[in-house]
2 protein chains.
Amino acid sequence: MAITIKDVARESGVNVSTVSRALNGEYGVHSDTRELVLAVAERLQYRPNRVARGLVTGRSHTLALVVSDIRNPFFAEVARGAEDAAYASDYDLVLCNSDLDAEKQLRYVESLMEKRVDGILMNSVAELSKKQVEQLSNVGVPIVLLNRAAPRNAFSTICADNDAGGVLAAEYLWKLGHRKIAHLTGPRHHGNMTERANGFVRALSEARKPVKPVVLHGKNNFQGGMELAQKLLAQHEDVTAIFAASDMMAFGAIRALMEAGKRIPEDVSVIGFDNVELSTIVNPPLTTIHQPKYEIGQAAVEILLRLAGRGEHQAPEHRVFGVHLIERRSCMERKS
Amino acid sequence: MAITIKDVARESGVNVSTVSRALNGEYGVHSDTRELVLAVAERLQYRPNRVARGLVTGRSHTLALVVSDIRNPFFAEVARGAEDAAYASDYDLVLCNSDLDAEKQLRYVESLMEKRVDGILMNSVAELSKKQVEQLSNVGVPIVLLNRAAPRNAFSTICADNDAGGVLAAEYLWKLGHRKIAHLTGPRHHGNMTERANGFVRALSEARKPVKPVVLHGKNNFQGGMELAQKLLAQHEDVTAIFAASDMMAFGAIRALMEAGKRIPEDVSVIGFDNVELSTIVNPPLTTIHQPKYEIGQAAVEILLRLAGRGEHQAPEHRVFGVHLIERRSCMERKS
DNA sequence: CCTATAATCAAAAACGTTTGCAAGGTTTAT
DNA sequence: ATAAACCTTGCAAACGTTTTTGATTATAGG
């Protein structure tokens with residue numbers, strides 16, 4: 001049996017309440033007794049039971065991160081930033097993979113509530129019904145979303161400036177002389193990606209000579225990028241530039257293009273979004289829009305902890321990080 | 001205030017113990033009362049407090065995964081497998097990044113113990129002192145290691161057949177005609193990588209015409225691969241083939257080689273280990289040793305749950321997964 | 001020297017569950 | 001018909017902490 005606070009109380013001849021105070025460094029315990037208690041606790045290798053503590057304090061010192069898939073390098077980076085920040089404040093982080101499945105996502109939240117986590121960080125990418133949003137709002141624990149949400153609801157949000165990123169990509173491609181342009185993006189209703197698409201097509205439509213890109217929706221991963229690029233080649237052989245809504249999709253697109261005998265960037269330029277580490281090693285190195293993934297994860301739990309510290313209802317915080325273009329070698333000028 | 005079991009007891013006119021039994025589907029409660037209780041619980045939106053339950057049952061329904069860095073695609077894949085398996089059994093998974101730091105690793109374990117996790121899955125890659133191993137053995141919660149450990153200690157282990165993988169790489173390179181061979185590997189004392197190295201050099205030394213590869217140690221990531229390849233080029237210009245102990249290191253090596261003006265595979269062949277998803281998209285596609293990452297994570301928590309189910313001291317389980325060579329285009333024949 | 005105040009600690013309640021035990025009531029078997 | 005077995009339920013004790021309250025002692029001010 002594990003040794004409890006009672007054991008160290010008995011062993012040091014004081015009451016458990018005194019042990020508790022001594023160990024937690026609270027005011028009102030004589031330095032002599034404190035030292036004694038500390039010594040005994042050390043000798044007995046006492047480890048406080050955090051679930052017992054959690055029961056009385058109502059706080060579990062645990063945060064949760066629910067992402068669609070941790071294998072997505074973007075989320076891995078966010079997760080690392082989040083975990084580091086949590087660790088720094090002595091919080092644990094539980095990991096959940098929702099696969100964009102609204103039901104699974106809600107099941108996770110429910111389970112997390114039962115466990116009394118102190119905050120949830122999630123990319124609520126799935127379309128939630130009004131009822132679900134309501135349910136989520138009332139869980140009583142702070143939630144920060146990794147994407148901008150409908151302004152009415154009460155979640156805090158943190159994300160990159162997706163719209164600006166889309167604009168950056170559009171301007172870049174346009175200046176390079178491209179006029180037959182495609183945008184490969186994720187599922188409809190994916191908040192972040194929708195914003196990227198919006199910025200992109202808007203910027204192109206406002207160019208000196210407006211361009212209307214073809215926009216294809218698919219899965220946000222390597223596979224999805226491949227499939228969309230294949231579909232694109234079948235329908236629009238003549239595109240000279242592709243903006244992929246994520247680096248993973250860009251990788252898939254590049255693969256499909258190469259298999260179809262296209263050279264990059266000579267035949268078609270490709271630009272991605274995220275700037276994941278691997279984008280430097282693919283060949284050619286991927287031109288992309290950088291967003292601060294680690295910092296987003298980090299900032300998210302900082303917000304979470306701040307909200308968790310305050311009681312009950314707090315004003316939601318919002319934060320958007322700037323993005324910038326990383327020019328590598330997957331795009332080139334198009335003289336038409 | 002959240003609503004508790006007492007509320008539903010009062011509301012349905014029965015004792016809390018009956019509510020508990022009804023909700024947990026235990027034997028010995030009349031179907032009428034059960035239905036009533038269930039209805040009331042539903043109406044009141046009752047959510048049991050898992051912390052309180054954990055206190056009495058002594059089980060937290062939580063597992064932990066401590067890896068060196070979740071950004072390493074290998075670990076991301078393992079994590080996903082582990083989380084899926086945990087989710088299937090209604091367990092939560094907390095994520096920890098140890099950075100190969102022995103002290104940080106132990107701090108994590110200590111914190112996890114305080115939280116009464118039901119099992120820990122870790123790649124104990126750091127060199128642990130005898131005292132630390134002992135400490136770990138006595139924590140009282142099942143631990144499964146992602147690498148083979150010293151046989152004396154009581155941890156369960158699960159990993160790929162690293163030695164065989166090393167042999168595979170050696171035989172492949174040798175048959176292709178390479179005789180000037182290098183092996184870029186991770187830090188010394190990295191269990192899995194040491195085994196890969198062992199298999200590799202042994203197989204080469206037992207070849208018809210024995211070869212002694214140069215072995216360089218460094219960091220197990222993209223950066224480390226780059227640095228080692230640069231060092232290698234400076235010291236041994238004449239190598240014609242490189243076996244990298246992980247795909248990430250292989251990517252780094254390829255990058256360094258390309259920057260040094262080498263063509264792959266014409267000038268130098270490169271073979272990796274892991275077969276991460278990205279290895280198909282790098283150019284040239286990477287020839288590598290496949291190990292079943294997702295399955296390893298999955299199997300690890302299955303073992304963990306089995307061990308957690310049984311009481312106290314159980315015989316450790318060991319499992320090793322087979323590996324195989326994936327031939328792509330980063331290696332070619334060498335006629336010397 | 002006496003009282004008011006502060007410092008130190010013990011006692012006990014609380015947190016929300018599960019669970020062993022016993023008390024009823026109801027069926028079954030003899 | 002009665003004892004034995006069984007089913008259903010309530011009661012209360014855990015689980016290991018924190019925290020409030022109150023008592024005892026030491027300190028200080030006059």
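Each chain gets a letter, A, B and so on, in the order the sequences are listed, and its residues count up from 1.
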Asker: Would you check if the side chain of B/S89 reaches a backbone N or O of B/Y91 as a donor-acceptor pair within less than 3.5 Å?
Answerer: no
Asker: Could you tell me how far apart A/N24 (CG) and D/dT17 (P) are, to the nearest whole angstrom?
Answerer: 10 Å
Asker: Once you round to the nearest 0.5 Å, how far does CG of B/N97 lie from OH of B/Y108?
Answerer: 5.5 Å
Asker: Would you say B/Y27 places a side-chain N or O within less than 4.0 Å of OP1 or OP2 belonging to D/dT8?
Answerer: no
Asker: Between B/E114 and A/R50, is there a salt bridge with N-O shorter than 4.0 Å?
Answerer: yes
Asker: Contact class for B/R50 vs. all strands (heavy atom < 4.0 Å): base, sugar-phosphate, or nothing?
Answerer: nothing
Asker: Between D/dG16 atom C1' and A/K6 atom NZ, what is the distance in whole Å?
Answerer: 7 Å
Asker: Could you state the atom-to-atom distance from CG of B/N15 to C1' of D/dA13 in whole Å?
Answerer: 13 Å
Asker: In the structure I gave you, are the side-chain heavy atoms of A/I303 and A/R306 within less than 4.5 Å of one another anywhere?
Answerer: yes
Asker: Report yes if the side chains of A/F321 and A/Q291 come closer than 4.5 Å at any heavy-atom pair, otherwise no.
Answerer: no
Asker: Between D/dA26 atom P and A/H30 atom NE2, what is the distance in whole Å?
Answerer: 11 Å
Asker: Round to a whole Å and report the spacing from CD of A/E26 to P of C/dC9.
Answerer: 13 Å
Asker: Taking the side chain of B/R21 as heavy atoms from C-beta outward, which of C/dC9, D/dG10, D/dG16 is closest to it?
Answerer: D/dG10
Asker: Look at the side chain of B/S20 and decide which nucleotide, out of C/dC15, C/dT18, C/dC9, has an atom nearest to it.
Answerer: C/dT18
Asker: What is the nucleic acid contact for B/S17, judged by heavy atoms within less than 4.0 Å: base, sugar-phosphate only, or nothing?
Answerer: base
Asker: Using a distance-only criterion (donor-acceptor N/O pair, under 3.5 Å, no hydrogens), is the base of C/dG16 paired with the side chain of A/R116?
Answerer: no
Asker: Please report, rounded to the nearest Å, how far the P atom of D/dT19 is from the CG atom of A/L55.
Answerer: 12 Å
Asker: Write down the distance between CZ (B/R59) and C1' (D/dG16), rounded to a whole number of angstrom.
Answerer: 18 Å
Asker: Within the structure shown, what part of the strands sits under 4.0 Å from A/V14 by heavy-atom distance: base, sugar-phosphate, or nothing?
Answerer: sugar-phosphate
Asker: Rounded to whole angstrom units, what separation is found between the CD1 atom of B/I3 and the P atom of C/dG16?
Answerer: 11 Å
Asker: Looking only at the side chain of A/Y46 (C-beta and beyond, no hydrogens), which of the listed nucleotides D/dT18, D/dT17, C/dC9 gets closest?
Answerer: D/dT17
